[in-house]
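Written out below as structure tokens is the structure these notes cover.
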Amino acid sequence: MTQTLIVLDFETTGMSPDQGARPTEAARVRIVNDSIVDCYQSLMNAGAHAPRFITKLTGITNAMVREAPGVDRVMRELHEFVGRHPVVAHNASFDRQFLEAEWLRLGLPLASTVLCSLRVSRRLYPEVPSHRLGALVEYPPLPRRGCSHRALADAEMTAHLWLRMTADIAWHFRYREVPLDLMQQLQSISRNQAVTYLESYRGRRGLTEFTGS
DNA sequence: TGCCAGGCCCTCTTTAGGGCCTT
């Protein structure tokens, strides 16, 4: 069965749309089964001013944003691209609030399940000292290109992290494939329950899920 | 110059507090 996921990352002018922050850049990475099949990013002009420390963090200047396509166009295209596919983001509550705020402004619904790579990684890798995206992709190193804190680079890192987490589950718990509902449930239980859950889930699904003994 | 949000999650908890993570 084909499984498609859309990994998203936003760069913004601040931490919260409730405080007036708007997105300045969006990136999307499409994963089909266990492969990254395409990537895209676009700056966008929402007419919001980025503070100096944000420009320093992301490298995205107000001049760059002024020359970018309008936020409505970029967000409508993103809505069409995502459709009903599940969405993955690192610390998804952050990206979700901007996604929902911008789409709500345009009268567009969020029809997707939203999954959080940060929450899953905390359950799978409790021994890791930091679950920041930049730290996780070094533990051990994953493919990366571009600059951290740019949307596409971060979305690609998140995609590689997601694929590694599903591969690790498949390897350690002998799954032939890792269903999305397993990942969804995994992020909603406590860290202490994770291993027990992964083992019991395999049992409930039956022997056909085993890759071998 | 220093502070700003919100959700998650752990613990010296649950009638709370504080650290982590995102820009």
Side-chain angles (χ1 to χ4, degrees), chain A residues 6-29 41-66 68 71 74-75 78 87-105 110 112-139 142 144 146-162 164-165 183-198:
Chain A
I6 310 296
V7 181
L8 295 182
D9 188 79
F10 286 110
E11 303 305 318
T12 71
T13 61
M15 298 305 295
S16 171
D18 291 341
Q19 302 295 313
R22 301 293 299 276
T24 56
E25 187 174 54
R28 64 194 196 214
V29 174
Q41 83 169 350
S42 178
L43 290 163
M44 66 184 108
N45 183 2
H49 181 83
R52 194 179 305 170
F53 79 91
I54 291 284
T55 297
K56 193 173 177 184
L57 178 70
T58 64
I60 299 171
T61 65
N62 287 298
M64 290 163 66
V65 170
R66 276 196 297 273
V71 64
V74 174
M75 293 306 297
L78 184 61
V87 166
V88 174
H90 198 68
N91 196 15
S93 62
F94 175 84
D95 296 278
R96 180 179 189 149
Q97 63 175 341
F98 282 95
L99 195 63
E100 287 189 308
E102 295 299 330
W103 283 355
L104 182 65
R105 215 174 41 79
L110 170 61
S112 303
T113 300
V114 179
L115 299 156
C116 179
S117 55
L118 171 63
R119 293 175 71 176
V120 174
S121 75
R122 281 178 168 155
R123 284 149 181 78
L124 276 188
Y125 311 125
E127 74 282 8
V128 174
S130 169
H131 291 266
R132 284 186 301 109
L133 184 57
L136 283 168
V137 297
E138 296 297 334
Y139 191 88
L142 286 168
R144 60 190 299 179
C147 304
S148 292
H149 297 299
R150 286 301 297 267
L152 184 56
D154 286 358
E156 285 183 330
M157 282 192 278
T158 303
H160 284 295
L161 172 63
W162 190 263
R164 179 167 70 189
M165 292 194 296
M183 300 299 276
Q184 198 173 352
Q185 285 299 314
L186 190 58
Q187 68 172 17
S188 66
I189 60 176
S190 75
R191 195 170 67 183
N192 291 337
Q193 295 173 303
V195 170
T196 303
Y197 177 78
L198 287 165

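Naming: A, B, ... by sequence-line order, numbering from 1 per chain.
In this structure, A:Asn192 reaches neither bases nor backbone, as no heavy-atom distance under 4.0 Å exists between it and the strands shown. Looking at heavy-atom distances under 4.0 Å, A:Arg96 makes no contact with the nucleic acid at all. Heavy atoms of A:Phe10 sit under 4.0 angstrom from primed sugar atoms or phosphate atoms, though from no base atom. A:Thr24 comes within 4.0 angstrom of no nucleic acid atom, judged by non-hydrogen atoms across all strands.
Every residue was checked against the salt bridge (Lys or Arg N to Asp or Glu O under 4.0 Å) condition with A:Arg28, not counting sequence neighbours, and none meets it. Considering only residues two or more places apart in sequence or on other chains, A:Val137 meets the side-chain contact (heavy atoms from CB on, under 4.5 Å) condition with A:Leu133, A:Leu142, A:Arg144, A:Met157. Every salt bridge (Lys or Arg N to Asp or Glu O under 4.0 Å) that A:Glu25 has, sequence neighbours left out, goes to A:Arg150.
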Identify each donor-acceptor pair in which a side-chain atom of residues 15-24 of chain A lies under 3.5 Å from a protein atom, sequence neighbours left out, and give them as a table.
residue : atom : partner  : partner atom : Å
A:Ser16 : OG   : A:Asp18  : N            : 3.1
A:Arg22 : NE   : A:Glu102 : OE2          : 2.7
A:Arg22 : NH2  : A:Glu102 : OE1          : 3.0
A:Thr24 : OG1  : A:Glu11  : O            : 3.2

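Nearest-nucleotide assignment on DNA chain B puts the 5′-proximal partner with A:Arg191, out of A:Arg191 and A:Asp95. Residue-to-nucleotide proximity on DNA chain B shows that, of A:Ser16 and A:Ile189, the 5′-proximal contact is made by A:Ser16.
A distance of about 15 Å separates the C1' atoms of B:dC4 and B:dT22, rounded to the whole Å. Using atom C1' as the reference point in both B:dC20 and B:dT15, the two lie 25 Å apart (nearest Å). Taking atom P on both nucleotides, B:dC8 is separated from B:dC3 by 26 Å, rounded to a whole Å. Atom P of B:dT1 sits at a distance of 32 Å from the matching atom of B:dG7, rounded to the whole Å. Annotation: B:dG6 and B:dT23 have their C1' atoms spaced 13 Å apart (nearest Å).
Residues A:Ser121 and A:His131 bring a donor and an acceptor atom of their side chains to less than 3.5 Å of each other.
Protein chain A contacts DNA chain B from B:dA5 to B:dT23, reading 5' to 3' and using non-hydrogen atoms of the protein with a distance under 4.0 Å.
Residue pairs meeting the salt bridge (Lys or Arg N to Asp or Glu O under 4.0 Å) criterion with at least one member in residues 87-98 of chain A, sequence neighbours excluded, are A:Arg96-A:Glu100.
How far CG of A:Asn62 is from CG of A:Asn45: 9.5 Å, rounded to the nearest 0.5 Å.
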